[in-house]
Amino acid sequence: MAAKSNITGMALCLFLVCLVCGGVLGAVYTVTKQPIEDAAAAEALAAISEVLPEGGEISSVQQAGGMEYYTSTSGDEVKAYAVKSTAGGFGGPITIMVGVLPDGSIWNTRVLSHSETPGLGAKCTTDEAFISQWKGYNGSFTVKKDGGDVDAITASTITSRAYAKALAQASALVHSLEGADADAASGASVKKEEE
Amino acid sequence: MAGKNLSLITKGFFKENPTFVLVLGMCPTLATTTSAINGLEMGLATLFVLVLSNIVISLISPVVPDKVHIPAYIVVIATFVTVLQLVMQAYTPGAYKTLGLFIPLIVVNCIILGRAEAFACKHGWWESALDGIGIGLGFTATLTVIGIVREILGSGSVFGWKFISGDGILAFVMAPGAFMVLGYLLVLFNKIAKK
């Protein structure tokens, strides 16, 4: 078959190239579909079990207040919640998996995705002092610069604010799920109004 | 024959080094070389696409009419990039996460279309494959070197192994450092190559 530069030849050639490429892509997609889902599920599960207390059965995903959350139950009692919470950071949205106990206090946190500046805001995934202060935290969810009690990451106040906001949202969600009394929830809700 | 094959591979490192001599593919070069391992992964991803697209393009080029050769080649390249993306997502989710956006951008990497136009469509599949391996390995080596330099200066580590406590020079992890390192290495390379 010689290369013909008339309309039929060109159309036929492109048609065949696209047909073969489409077939190849379809085949690869079919083969990799399951592993991709497994990898995503394994990653999500790893994040969830990291932010929750050990033991307890992790539920499938549930929706409330526009956020996804999972519960950890032992028997009929809900022991903790893992809430996927997002807040706007410096470089884009920061998505955090937040483990919250039924009283609204934070158990542990893990950043799922962010686009903060490397070396500054991106430290929210590595800065031990910043991360460890959240364990058992149940305060105002406001950084010290704004009059709260959260130690911000040096030179990354906006990232720290977003982090605190995401956690406050998660905590507030758990409060509304638990139907907790207004007093305990006030910290989180006041913070929300300030935004 | 053996000497010719060897020179097809080694030219990618020196005589036709894609980054320092041809100065192609600057977008991934600047963006993904924040650390040695990122540079290495990006280089290997490009190598994969380059070798396969070179082979296929050298095989189909005699039957593709001149007027539509660019669309046909782009479809072939895009197919391999998507295959790579799916496979990485399925089996190396960690690497996929760090390289993220830059995998689909391999489609518009000038090196690949450049080699297709300048080499693969005029040579047999075997030579084109060697050309792809040579240029791809040259690109990988270059990205890794830039990544090593930026990681040492920016984070004080090599391949993730940290040898200083605390932070490095932050600018080198960010875009300005990418330009500086690339510029100085380009000067150095060409000074050595001229001798």
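Chain naming here is simple, since letters A, B, ... match the order of the sequence lines and numbering starts at 1 in each.
Within the 4.5 angstrom heavy-atom criterion, only side-chain atoms of A:Thr117, from C-beta onward, approach chain B. Residue B:Tyr96 does not touch chain A at all, counting heavy-atom pairs closer than 4.5 Å.
The number of heavy atoms from other shown groups lying within 6.0 Å of OH (A:Tyr29) does not exceed 12. Atom CZ of A:Phe90 is surrounded by 12 or fewer heavy atoms from other residues, nucleotides or ligands within 6.0 Å. Within 6.0 Å of NZ on A:Lys123 lie more than 12 heavy atoms contributed by other residues, nucleotides or ligands. The number of heavy atoms from other shown groups lying within 6.0 Å of CZ (A:Phe15) does not exceed 12. Heavy-atom neighbours of A:Lys145 NZ from other residues, nucleotides or ligands within 6.0 Å: at or below the threshold of 12.
Rounding to the nearest 0.5 Å places CD of A:Glu37 at 10.5 Å from CD of B:Gln89.
When hydrophobic clusters are built by joining Ile, Leu, Val, Met, Phe, Trp and Tyr residues whose side-chain heavy atoms come closer than 4.5 Å, directly or via intermediates, B:Leu153 is not grouped with B:Tyr184. By the rule that hydrophobic residues join a cluster once side-chain heavy atoms approach within less than 4.5 Å of another member, B:Val187 and B:Met180 end up as members of separate clusters. Cluster membership for A:Leu173 and A:Ile106, using ILVMFWY side-chain heavy atoms within less than 4.5 angstrom, is shared. Note on B:Phe14: it clusters hydrophobically with B:Leu47, by side-chain heavy-atom contacts below 4.5 Å among ILVMFWY residues. Residue B:Ile60 is grouped with residue B:Val107 when hydrophobic side chains (ILVMFWY) are merged at heavy-atom distances under 4.5 angstrom, including chains of intermediate members.
Put simply, of A:Val31, A:Thr32, A:Asp38, A:Leu120, the one with the most heavy-atom pairs under 4.5 Å next to chain B is A:Thr32.
Residues passing the ring-ring contact (aromatic ring centres under 6.0 Å, His included) test with A:Trp134, sequence neighbours excluded: A:Phe130, A:Tyr137, A:Tyr163. Take B:Phe20 and apply the ring-ring contact (aromatic ring centres under 6.0 Å, His included) test, not counting sequence neighbours, and it matches B:Phe189.
A:Ala39 and B:Pro93 get closest at one heavy-atom pair: CB-CG, 4.0 Å.
Against chain A, no residue from residues 129-146 of chain B qualifies, as none has a non-hydrogen atom under 4.5 angstrom away. Residues of residues 68-88 of chain B that come closer than 4.5 Å to chain A, counting heavy atoms only, are B:Val68, B:Pro71, B:Ala72, B:Val75, B:Val76, B:Thr79, B:Thr82, B:Val83, B:Leu86, B:Val87, ordered by residue number.
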